Amino acid sequence: MSRRARPGSVGRQNVPRDQWLEIGAECPHCGERVTEEMVYSWRPVPDDPKLLLLWCPDCGDRVEINHV
Ligand SMILES: [Zn+2]
């Protein structure tokens, strides 16, 4: 969980919403597929309604998706 990236920019991916709901996204850390079932928070930041937070089941890393 220690990364040197700036807060708020850690591995965020832009994924079309339809694509994300259908096939999920890829963990930027280990490449495991993360899906809707692993969503931790659908809207963690009120000012940023497109942001999704998930936890990767494989490496435990946080995955941020910006569904567009
Ligand atoms: Zn992972």
Side-chain angles (χ1 to χ4, degrees):
M1 288 290 212
S2 60
R3 281 168 172 254
R4 262 173 271 154
R6 282 170 296 165
S9 66
V10 181
R12 189 187 291 199
Q13 306 173 68
N14 289 307
V15 183
R17 185 179 171 85
D18 289 346
Q19 178 188 321
W20 138 246
L21 286 172
E22 191 169 337
I23 64 174
E26 221 175 61
C27 172
H29 186 72
C30 69
E32 180 75 14
R33 184 175 294 177
V34 289
T35 67
E36 192 177 358
E37 293 174 20
M38 295 132 193
V39 169
Y40 172 72
S41 177
W42 285 97
R43 194 179 294 186
V45 184
D47 291 345
D48 197 357
K50 294 184 185 300
L51 176 64
L52 277 175
L53 282 184
L54 305 90
W55 295 107
C56 174
D58 198 52
C59 68
D61 208 358
R62 189 174 75 171
V63 182
E64 296 184 1
I65 292 177
N66 201 35
H67 59 86
V68 293

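Note: hydrogens, waters and symmetry copies are ignored here, and every other heavy atom, side chains too, is used. For ligands, and for the atoms within them, numbers begin at 1 and follow the listed sequence. Count residues from 1 along the sequence. Keep in mind the model is a prediction, meaning the values are calculated, not measured.
- Here the straight-line distance linking atom CG of Asp48 with atom CZ of Arg43 works out to 10.0 Å at 0.5 Å rounding.
- Taking CG from Asp61 and CG from Leu54, the interatomic distance works out to 11.5 Å, rounded to the nearest 0.5 Å.
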From CA spacing to verdict: side chain to side chain contact (heavy atoms under 4.5 Å, CB included), His67, Leu21
CA-CA 10 Å; His67 59 86; Leu21 286 172; over 6 Å; no
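- Of all protein atoms, those of element N, O or S that lie under 2.8 Å from the Zn ion (ligand 1) number 4.
- Rounding to the nearest 0.5 Å gives a distance of 10.0 Å between CZ of Arg12 and CG of Leu52.
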Distance-only donor-acceptor pairs under 3.5 Å for side chains of residues 34-42, two or more places apart:
unit_1 : atom_1 : unit_2 : atom_2 : d
Thr35  : OG1    : Glu37  : N      : 3.4

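- With values rounded to the nearest 0.5 angstrom, Glu26 atom CD is found 9.5 Å from Glu32 atom CD.
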